[in-house]
Each structure stands twice: as C-alpha cells, then as structure tokens.
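This report concerns only the one structure given below.
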2 protein chains.
Amino acid sequence: MGSAEANGARPSARRSKADVVDAALGILDRQGLPDVTMRRIAEVLGVQPSALYWHFPNKQTLLAAVSDRILAPSGLLPSDDIAPRTANIAGIASRFRDCLLAYRDAAELVSSSLALGLVTPSAQHLIADVAIRADVPAPLARVAASTITHYVLGYTFHEQQRMQADSLGALADVESLTPSGAAVGASATTDFHAGIGLIVLGMSVSVAGAQDRGTRKTRR
Amino acid sequence: MGSAEANGARPSARRSKADVVDAALGILDRQGLPDVTMRRIAEVLGVQPSALYWHFPNKQTLLAAVSDRILAPSGLLPSDDIAPRTANIAGIASRFRDCLLAYRDAAELVSSSLALGLVTPSAQHLIADVAIRADVPAPLARVAASTITHYVLGYTFHEQQRMQADSLGALADVESLTPSGAAVGASATTDFHAGIGLIVLGMSVSVAGAQDRGTRKTRR
DNA sequence: ACCTGAACACCGTTCAAGT
DNA sequence: ACCTGAACACCGTTCAAGT
C-alpha cells in the first residue's frame, strides 16, 4: 500500500507541465514548502524524479511556474470603474495578499521566485498603471507600487509563518502579536490594510504637494 | 592539501558559539546562503559536523545567531538629538538596510529568521519607540514600524538578489531595473529612500489629520 | 565540557538507455 | 516525445562512545 500508483496517480498516462505544477501545489498546501521536493512531486505523479527534468530544466523554474499559478487570480482586470484611485490600489494589494493566503507558505515561495527574477511582478505593474492613470507621476507611481509589493510579500510571509507556528502549538514565549499590538488573526487583516493605507496616503500627499508647488492651481 | 586543518582552522582548540557564528558568517559572505551548510561550517572549523550540535540545537537556531550578529550594528542608540523625528526614523531604516547590505544574502537570511520568530526585530521596536516619543499614537507608530521593517527586508532582499544575478552575468532578458525605472545600483539607494519617505509621510499626515479632527487645535 | 565516528534518511541533478 | 534506472555528490540530524 505504499506503492506510488496507490497514491491516486494514474499509472501510465502522459504528464503535462500543468500536471507537475498541480502536484507541487498540492504538496505545498498540505505539507508546506520544505516538503516540496523533486522526489515528492515525482512520487505523487507516479514517476521517477528524473522524469521531471524533461518538463522543467531545474527546481527553481518549476517553483516559478507554481508561483505563476498562485498569482494567476490577481491578474484580474482592474475593473475600470471610476471608483477613487486609492481604493483601487488598496484593492489590488488586498487581492494580491488573498492570492498568497490561499496556499500555505505561498508568500515565501513567491517572494524568492520574484527576487530571482523568474516571475513577472504583475501586481506591481498593475498598481503602477492604476496610479499613473490617476495622474500620479510615473516615477512616484513606480516607487509606490514597488513599496506596496514588498510590503505585501513581507507582511504575508510573516503572517503565514505565524499561522504555521501557532498551528504547531510551539513558539513558546515569543509573543505572536499583530503589529498594532492586538492579539490574534482577525486583526491581521486590519493591520495589513492600515499599512497599505499609510503608503497610499503618502503617495497621495506627495502628488498633491507636487501639484501645489508646481502649478499653483485651485487654492480655496 | 585538502585536509581540514590546512584550511586555516586551528587544529585542536576549543570552539565557542562565537567561533561557529564567525565561520558561518564568513561562508555566507564569500559563497552565499546556499553554501552555508552544517558540513561546510564544520569543515572551516576543522571539526566534525556533529560537533556543531553541542553548540546549537539545530541549523535554524545557528542561523538566527548569525542574523543577530548581522543586525548588531543597527542596535546603536537612536542618538537623542532633537533632529526632526522623521529624519530619525528614515535614518534608522537606512542603518537597518546598511547592516543587511554588509553581507551577501543577509536580507534573505534575516527575513526568514525573523519570520520564524527566532530573532527579535530590534529595528522595528526602535522605530516604534522613536515615533511614540515624537507623539505618534502607539498603534499607528507600531503599524508604521512594521510596514517599514517589511519594506526594508523585501527591498533589500530583491536588491541583493539582483546584485548576485548581475555579478553572475546571467539574468538574460529580465531587465535589472530599479523601481523608478532608472538603470543601475547607484539609484537603488535613492529609490529605497523614496519608498521610506512615502511611509513616513503617510504616518505624519495620519497623525496630523487625527489631531485636526480630534482637538480642533491651532488652525491658521 | 567538547568532540569523534558512523550511521540514517534524505536531497537535486545527470545521463545513458529504453519505448 | 516522454520516461526509467542507476549513479554522483551532496544534505541535516542522532547517538553511542571517546577524552
């Protein structure tokens, strides 16, 4: 009963790239990132580890494909309604975080794939585009988008690490607190949005100040 | 000539925890994080890998000690001069990044040690304290400090990853650009400060707005 | 107190060879 | 086109035993 075929894998069908990503994503969510090994993926697929190297040149590239799949839902169009630009930007950041929260250890995985340049930061581009269309100067828009992206990844990475530590019951004396000082996971979302709010506010004030100094426009 | 003792390690002296951290830090800076293995550290010390487990219970704890050493210079007192609070906060963030830039792959290492809760985020506490002493409400100060910390780690992680990729000559078609759209490493520092500026500005405006709405104070 | 020696249960990757 | 089988050069960790 320990055989590979007994693990739910079809015994002798051709595997596609997508199948490999499926298998890796399943292990990631059930066992966590350290268990996403080439050998475990192969085992789930009922295949030899070396078979994976026909589909992907190496493990990093495979993990980048997994990252792309995790982030796919964030590629939704920015919904060109005329809602306030700031709400749009905060909304994109929020959807970005939701994508990461959908799978265990996803923030850590995406963070390193992105740092390695193996995945395109679509959320970052989206935020910059929205800001630019809301008349934010392009360099400022790009800095804000980059700041938000790094913040979301860092915050969610830390958040998921706490979730796992808490579920293991360990963590001992280290306080598992939310940045504002509150206690548990419900306020993690509130604190997340507060951080995003700071950055968006900083961006808004920057552009307003620049306009005042630049064009001496409507001053009531 | 491949013997352990020939590698510059004293043959038969007792090793301290600090010696182990020294060895790990040296490998980190010269070879990078993937090469910081228990076996390589032991080799540099002229010792069996199992010997390390007398000094540290496991690899994660050892790496946390390395993280502490990397961050030690950032523990400098906030220099209680009466300089504008915002300059102080940006300065702490800047010194934090300088600590990370001092060793290869340091941001990645510290990021995961910190997420695992094995290292105390001293920079974050310092920023929150400085903000609170500058009359920023405590919850806002803590959110801002957390936002800045995550931003610094994420930004520097990405920055160091680019540095290594560039030095390897690889990276191919992926553009190695700074968030604002500029080309190379000199403007990485400028862009970093711009991001910090956004967050600090957002915090300042938040507290100013709250004061206006709360106490209806001096309005000229 | 500090370390050795040997083992256990793993890794990612390569490569000739099969179908 | 897709995969096997076998090997290579590694990992972190444990544990009895030495000094």
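Order of the sequence lines fixes the chain letters, A, B, ..., with proteins taken first and strands second; residue numbering starts at 1 for each chain. The shown structure was predicted, so the numbers you read here are calculated from the model rather than taken from an experiment.
The NZ atom of B:Lys17 sits 13 Å away from the P atom of C:dC3 (whole-angstrom rounding). In this structure, B:Lys59 atom NZ and D:dC11 atom P are separated by 9 Å, rounded to whole Å. At whole-Å resolution of the value, CZ in B:Arg14 and C1' in C:dT4 are 13 Å apart. One interatomic measurement links the two molecules: CD of B:Glu43 to P of C:dT4, which rounds to 13 Å at whole-angstrom precision. Rounded to whole Å, atom P of C:dT14 lies 13 Å from atom CG of A:Leu52. Taking atom OH of residue A:Tyr53 and atom C1' of nucleotide C:dT13, one finds them 5 Å apart after rounding to whole Å. Distance CD (B:Gln31) to P (D:dC10): 13 Å, rounded to an integer number of Å. Going from atom CD of A:Gln60 over to atom C1' of C:dT13 covers 13 Å, rounded to whole Å.
Residues A:Ala65 and A:Val21 approach most closely at CB-CG2, 3.8 Å, considering heavy atoms. Residues B:Ala107 and B:Leu100 approach most closely at CA-CD2, 4.1 Å, considering heavy atoms.
When each of B:Val110, B:Leu114, B:Leu71 is checked for a side-chain contact (heavy atoms from CB on, under 4.5 Å) with B:Pro121, only B:Leu114 meets the rule.
Checking the phosphate oxygens (OP1, OP2) of D:dG5, a side-chain nitrogen or oxygen of A:Gln48 falls inside 4.0 Å. Distances shown here put a side-chain N or O of A:Thr37 below 4.0 Å from the OP1 or OP2 atom of C:dC11. Regarding contacts with the backbone of C:dC3, a side-chain N or O of B:Arg15 is found under 4.0 angstrom from either OP1 or OP2. Look at A:His55 and you won't find any side-chain N or O under 4.0 angstrom from OP1 or OP2 of D:dA1.
Nucleotide D:dC2 is matched to C:dG18 when pairs are restricted to Watson-Crick or G-U wobble geometry with both distances under 3.5 angstrom. When Watson-Crick and G-U wobble pairs are counted only if both distances are under 3.5 Å, C:dA7 pairs with D:dT13.
Toward the 5' end of DNA chain D, the nearer of the two residues A:Trp54 and A:Arg39, judged by each one's closest nucleotide, is A:Trp54.
Using P as the reference atom, C:dC10 and D:dA9 are 22 Å apart when rounded to the nearest Å. A distance of about 13 Å separates the C1' atoms of D:dA17 and C:dC2, rounded to the whole Å. The gap from the C1' atom of C:dC3 to that of D:dC15 amounts to 13 Å, rounded to the nearest Å.
Aromatic ring centres of A:His150 and B:His158: separated by under 6.0 Å.
For A:Ser50, the listed nucleotide lying nearest its side chain is C:dC15; candidates were D:dG12, C:dC15, C:dT4. Of all nucleotides listed (C:dT13, C:dT4, D:dT13), D:dT13 comes nearest to the side chain of B:Pro49.
Between B:Arg162 and B:Glu159, none of the side-chain N atoms (NZ, or NE/NH1/NH2) sits under 4.0 Å from a carboxylate O, so this pair counts as no salt bridge.
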